Asker: 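The structure that follows is given in the form of structure tokens.
Predicted model only: the values in this text are computed from it and were never measured. By convention here, the first residue in the shown sequence is residue 1. Quick note: numbers below take in every heavy atom, side chains included, and nothing from hydrogens, waters or symmetry partners.
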Amino acid sequence: MAFRWKNDLTPADVTPEGMWLNRRQVMAGVAAGSILGPSVAGAQDTTLEPNSFEDITNYNNFYEFGTGKDDPAREAHRLTTTGWEITVDGLVDNPGTYSVGELIAGLTEESRIYRFRCVEAWSMVIPWNGVELKDILDRVGVQSGAKYVAFETAVRPDEMPGVRFPTLDWPYREGLRLDEAMHPLTLMATGIYGKPMPNQNGAPIRLVVPWKYGFKSIKSIVRITLTDQEPFTSWNNANSREYGFYSNVNPNVDHPRWSQASERKIGGGLFARREPTLMFNGYEDEVAGLYDGMDLSKFF
Ligand SMILES: Nc1nc2c(c(=O)[nH]1)N[C@H]1C(S)=C(S)[C@@H](COP(=O)(O)O)O[C@H]1N2
Ligand SMILES: [Mo]
């Protein structure tokens, strides 16, 4: 079945955290009934059941806080996010340094459940809150020569123990083609489960591109640059054989060291079966047209 997106999922479609825990217990025992409360739209597809807030905030990749999955949950409280500013520059009509509030004030707030797929072959389903990146870009005025959007994460050695080591060439940087950035599925997320974005997930604002591997979804953004050149991206720079610029979820293109054909959903328990990975992470109907005529094994 097609995934639902845009405005057809509302906060009421997201099983509240407490309800979700209850629900698992109930499902284990008695038959399901009306006491289960609201559930996720499209729940026939069990992979769309959101992960718990606990899973989403305790199993993270955020190398600025260390390379272990539990490092961000332990270390990211050091990040101070008050007074956060984002510099917008390059080919825009209104370059400048803006507070998060200035960038998103008055834009339509979205609540959307997206499947999230890491290149390490695990996945989660996350209820995000945020705004469409397109709305922010329209606000700053993209000039006609712009073809790409580049993003940078903060680098704060005093707050981010991981950046004291050369794990990556800091700052963490990512980029999208302009049409990918303007696609309505592309969010700038400011929260999870209706709560402000936890630091380990990229507070106060991070990108979410659901048809691409997780590493494209750069966290704790401090700079957005419109450019006519394909941007530097951290993982492509670290290992260009393993990580291309496009990084679309593609079960037919293996990572050089492991298969991408299946995935394990986090939180499924020890005996959870692997699920087949879907082309473009299940968003094929919505985004395949962006890549018409491109050889996706070459542009991986
Ligand atoms: N700045 C920054 N952004 C980042 C990363 C990172 O290490 N640093 N890791 C990426 C990777 S590999 C993944 S899978 C996702 C994880 O997002 P989550 O922890 O919110 O699930 O963040 C991405 N964004
Ligand atoms: Mo990842």
Side-chain angles (χ1 to χ4, degrees), residues 3 45-52 55-73 114-126 153 162 165-170 172-177 180 185 200-202 206-219 230-284 287-288 290-291 294-300:
F3 293 115
D45 183 336
T46 51
T47 60
L48 266 185
E49 292 284 359
N51 280 87
S52 65
D55 283 347
I56 295 168
T57 55
N58 285 286
Y59 191 92
N60 301 102
N61 276 337
F62 199 167
Y63 279 20
E64 286 85 338
F65 296 99
T67 55
K69 300 290 176 231
D70 52 355
D71 288 338
Y114 283 165
R115 180 204 289 267
F116 189 88
R117 174 62 157 71
C118 181
V119 73
E120 294 160 321
W122 50 265
S123 64
M124 288 204 204
V125 177
I126 304 183
T153 295
F165 305 95
T167 349
L168 292 170
D169 182 0
W170 313 110
Y172 193 103
R173 279 162 281 175
E174 260 307 337
L176 295 173
R177 218 170 55 191
E180 298 174 324
L185 280 173
Q200 57 266 48
N201 295 92
R206 56 91 56 90
L207 185 66
V208 179
V209 192
W211 70 94
K212 291 178 182 277
Y213 291 111
F215 63 87
K216 292 300 273 188
S217 293
I218 180 173
K219 297 176 170 181
E230 187 178 285
F232 176 105
T233 73
S234 292
W235 286 103
N236 182 244
N237 174 66
N239 191 335
S240 60
R241 207 170 72 88
E242 298 188 2
Y243 308 105
F245 175 77
Y246 283 92
S247 307
N248 291 317
V249 175
N250 188 340
N252 308 314
V253 176
D254 287 340
H255 183 280
R257 287 181 284 139
W258 57 80
S259 165
Q260 293 293 358
S262 70
E263 63 199 52
R264 175 179 62 92
K265 189 177 168 192
I266 296 301
L270 204 51
F271 304 109
R273 70 190 155 81
R274 299 185 69 83
E275 298 168 12
T277 292
L278 302 173
M279 189 65 194
F280 295 114
N281 201 24
Y283 301 93
E284 186 167 14
V287 303
L290 295 172
Y291 309 102
M294 286 176 72
D295 177 352
L296 295 182
S297 59
K298 192 164 158 228
F299 298 100
F300 62 95

Asker: Sequence neighbours left out, what passes ring pair (Phe, Tyr, Trp, His ring centres under 6.0 Å) with Phe65? Give chain and number order.
Answerer: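 Testing Phe65 for ring pair (Phe, Tyr, Trp, His ring centres under 6.0 Å), a comparison that skips the adjacent residues, returns Phe62.
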Asker: Quick check: do Phe245 and Lys216 have side-chain heavy atoms less than 4.5 Å from each other?
Answerer: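 Yes, at least one pair of side-chain atoms sits under 4.5 Å.
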Asker: Looking only at heavy atoms, what is the nearest atom pair of Asn58 and Ala73, with distance?
Answerer: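 Smallest heavy-atom distance, with atoms named: OD1-CB, 3.6 Å.
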Asker: Trp235 vs Tyr172 aromatic rings, parallel, tilted or perpendicular, using cut-offs 30° and 60°?
Answerer: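 Judged by the thresholds at 30° and 60°, the geometry between Trp235 and Tyr172 is perpendicular.
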Asker: Give, for atom CG of Leu185 and atom OH of Tyr283, the distance between the pair rounded to the nearest 0.5 Å.
Answerer: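 Those atoms lie 7.0 Å apart.
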Asker: Apply the test side-chain contact (heavy atoms from CB on, under 4.5 Å) to residues Asn250 and Phe300: give CA-CA distance (whole Å), side-chain angles for both, the deciding distance (0.1 Å), then the verdict.
Answerer: CA-CA 8 Å; Asn250 188 340; Phe300 62 95; over 6 Å; no
Asker: Locate the shortest heavy-atom distance separating Gly175 from Pro231; write the atom from each residue and the value.
Answerer: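 Result for this residue pair: CA-CG, 4.0 Å.
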Asker: For residues Trp122 and Tyr59, establish whether the separation of their ring centroids is below 6.0 Å.
Answerer: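 Distance test on ring centres: under 6.0 Å, yes.
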Asker: Do the charged groups of Lys265 and Glu275 touch, with an N to O distance under 4.0 Å?
Answerer: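 A salt bridge is absent here (no side-chain N lies under 4.0 Å from a carboxylate O).
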Asker: Please name the pair of heavy atoms, one in Asp295 and one in Ser297, separated by the smallest distance, quoted to 0.1 Å.
Answerer: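 Of all heavy-atom pairs spanning Asp295 and Ser297, the closest is OD1-OG, 2.6 Å.
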Asker: With sequence neighbours excluded, what pairs up with Arg173 under the salt bridge (Lys or Arg N to Asp or Glu O under 4.0 Å) test?
Answerer: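 By the salt bridge (Lys or Arg N to Asp or Glu O under 4.0 Å) rule, Arg173 matches Asp169.
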Asker: Phe116: what forms a ring pair (Phe, Tyr, Trp, His ring centres under 6.0 Å) with it, not counting sequence neighbours?
Answerer: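 For Phe116, no residue satisfies ring pair (Phe, Tyr, Trp, His ring centres under 6.0 Å) once neighbours in sequence are set aside.
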Asker: Could you go through the side-chain contact (heavy atoms from CB on, under 4.5 Å) check for His255 and Tyr243 one step at a time?
Answerer: CA-CA 8 Å; His255 183 280; Tyr243 308 105; 3.4 Å; yes
Asker: Indicate yes or no: at least one non-hydrogen side-chain atom of Trp211 is less than 4.5 angstrom from one of Met279.
Answerer: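 When only atoms from C-beta onward are counted, Met279 and Trp211 do not touch, as no gap falls below 4.5 Å.
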Asker: With a 4.5 Å heavy-atom cut-off, do Val119 and Glu242 have their side chains touching?
Answerer: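 Answer no - side chains too far apart.
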Asker: For residues Lys212 and Val249, report the shortest heavy-atom separation together with the two atoms involved.
Answerer: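 Smallest interatomic distance, heavy atoms only, reads C-CG2, 3.6 Å.
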Asker: Side chains of Val253 and Leu296: does their closest heavy-atom pair fall under 4.5 Å?
Answerer: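 The answer is no, as the side chains (C-beta and beyond) never meet within the 4.5 Å cut-off.
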Asker: Look at atom CZ of Phe232 and say whether more than 12 heavy atoms of other residues, nucleotides or ligands are closer to it than 6.0 Å.
Answerer: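 Enclosed: over 12 neighbouring heavy atoms sit under 6.0 Å from CZ of Phe232.
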Asker: Could you give the distance from CG (Asn51) to OG (Ser123), rounded to the nearest 0.5 Å?
Answerer: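 Asn51 CG to Ser123 OG: 7.5 Å, rounded to 0.5 Å.
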Asker: So if I apply the side chain to side chain donor-acceptor pair (under 3.5 Å) rule between Glu120 and each of Gln260, Arg264, Lys69, which one comes out positive?
Answerer: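 Looking at Gln260, Arg264, Lys69, the match for Glu120 under the side chain to side chain donor-acceptor pair (under 3.5 Å) is Lys69.
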Asker: Any donor and acceptor pair, going by atom type alone, linking the side chain of Ser240 with main-chain N or O of Asn237 inside 3.5 Å?
Answerer: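 Not at all, since once roles are kept as given, no pair shorter than 3.5 Å links the two residues.
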Asker: Please determine whether side-chain contact (heavy atoms from CB on, under 4.5 Å) holds for the pair Leu176 and Leu207, giving the CA-CA distance in whole Å, both sets of side-chain angles, and the decisive distance to 0.1 Å.
Answerer: CA-CA 10 Å; Leu176 295 173; Leu207 185 66; 4.0 Å; yes
Asker: Rounded to the nearest 0.5 Å, what separates atom CZ in Arg206 from atom OG in Ser217?
Answerer: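 The CZ atom of Arg206 sits 5.5 Å away from the OG atom of Ser217.
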Asker: Might you point out which heavy atoms bring Ala238 and Leu168 nearest each other, and give the distance in Å?
Answerer: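 Smallest interatomic distance, heavy atoms only, reads CB-CD2, 4.0 Å.
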Asker: Please give me the minimum heavy-atom distance between Ile56 and Asn201, naming the atom from each residue.
Answerer: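 Heavy atoms only, the tightest pair is O-ND2, 3.0 Å.
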Asker: Hey, are the side chains of Glu174 and Ser234 touching, using non-hydrogen atoms and a 4.5 Å cut-off?
Answerer: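 Answer no - side chains too far apart.
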Asker: Kindly say whether the aromatic ring centers of Trp170 and Tyr63 come within a distance under 6.0 Å.
Answerer: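 Aromatic pair excluded; centres sit 6.0 Å or further apart.
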Asker: Would you call Lys219-Glu64 a salt bridge at under 4.0 Å N-O?
Answerer: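 So Lys219 does not pair with Glu64 through a salt bridge.
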Asker: Could you tell me whether the side chain of Arg177 and the main chain of Leu290 form a donor-acceptor pair under 3.5 Å?
Answerer: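 At least one qualifying donor-acceptor pair exists.
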